[in-house]
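Data first, discussion second: the structure below is written as structure tokens.
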Amino acid sequence: MSLNSHIEWTDATWNPVRGCTKISPGCKHCYAETFAERFRGVKGHPYEQGFDLRLVPEKLTEPFAWRSPKLVFVNSMSDLFHELVPDSYIVAVARVMVAAKWHTYQVLTKRSQRLHDLLNTKLRFAAEQPHIWWGVSVEDKKYGLPRIEALRNARASVRFLSVEPLLEDLGKMNLRGVDWVIVGGESGAGARPMKKEWVLDLRNQCERNGVAFFFKQWGGVRKKAAGRRLAGKTYDEFPERVTNPVMSVTDCALAVGEIEAQLSAGDVFPLSLLKGQGREEVCC
Ligand code: SF4
């Protein structure tokens, strides 16, 4: 887990999976890929294998070590619902989120169909927990808007959209059942432009529908200079957060011990899956 994330809408990141593959135009300048590939081949570095998808079971229990409540972005460096992540591993991640419930989790995916299918079946125990927010990325009409439908039709207590990078005018959106919308422009070299009127339209739709609105950034090549004010204002709205008691240190240790035992026994996922990852043991 990484404390003090630089991402404006979260406190910390937790990556029990690393790496991913591109799936739609929003992935073109994936920051996670750029970051991870910088360290490919660097011995001992967490991203020694670049952006290749890997399970990271030694990270699974990390939220238990975090004693004060945090907003936790789950898999900032991957996509939890990637087709190569076994269902049983996703269930294990969800079990940790349900148990370490003093945090608020933000789970964001572009694999909305799998999110939908699992929330309505194997993840039902986690779907309607108000401290777990489920979200999809929406970068354009073709790929993004259908994801909203999949999310809406999934059991979820809190649903959100990450409209970043916003690549075109999304038109009139159906925001029924959506609790939170984050909007941002692309940043870095080659960033695709975002027009002010697209953002204002989204803000207005959120206001009309009573949806919390968070404007993350204008982006562009000089992201810092472009800032994050919209029409003279900073939009920092969030859905309502629930407060749950922090588990005692003793109970945390018991929970962690139990999960580690299940991992070592191969009950969470077949340990053979780790062989191709250059790691054969669970090192918790
Ligand atoms: S789905 Fe997300 S993490 Fe995966 S390649 Fe696309 S932008 Fe990157």
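What you see below is based on every heavy atom in this structure, not just the backbone, and it leaves out hydrogens, waters and symmetry mates. Just so it is clear, the model here is predicted, and its values are computed rather than measured. Atoms within each ligand, like the ligands themselves, are counted from 1 in listed order.
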Which ligand 1 atoms are under 4.0 Å away from a heavy-atom of [X]?
{"X": "C27", "result": "1 (S), 5 (S), 6 (Fe), 7 (S)"}
{"X": "C30", "result": "3 (S), 5 (S), 7 (S), 8 (Fe)"}
{"X": "T21", "result": "4 (Fe), 5 (S)"}
{"X": "K110", "result": "1 (S), 2 (Fe), 7 (S)"}

_Checking contacts here: is it the side chain or the backbone of R111 that comes within 4.0 Å of ligand 1, counting heavy atoms only? Could be both or neither._
side chain

Of all the heavy atoms in [X], does at least one lie under 4.0 Å from an atom in ligand 1?
{"X": "E33", "value": "no"}
{"X": "N75", "value": "no"}
{"X": "M77", "value": "no"}

Atom [atom1] in [X], atom [atom2] in [Y]: separation rounded to 0.5 Å?
{"X": "S187", "Y": "W218", "atom1": "OG", "atom2": "CH2", "answer": "14.0 Å"}
{"X": "T13", "Y": "K70", "atom1": "OG1", "atom2": "NZ", "answer": "12.0 Å"}
{"X": "R241", "Y": "L71", "atom1": "CZ", "atom2": "CG", "answer": "3.5 Å"}
{"X": "R114", "Y": "L80", "atom1": "CZ", "atom2": "CG", "answer": "8.0 Å"}

*asked:* Taking the six-membered ring for Trp, are F238 and W9 closer than 6.0 Å centroid to centroid?
replied: no

*Sequence neighbours left out, what passes ring-ring contact (aromatic ring centres under 6.0 Å, His included) with F35? Give chain and number order.*
F39, Y47

*F213: what forms a ring-ring contact (aromatic ring centres under 6.0 Å, His included) with it, not counting sequence neighbours?*
Y235

_I'd like to know if atom 4 (Fe) of ligand 1 has an N/O/S atom from C20 within less than 2.8 Å of it, counting both backbone and side-chain atoms._
yes

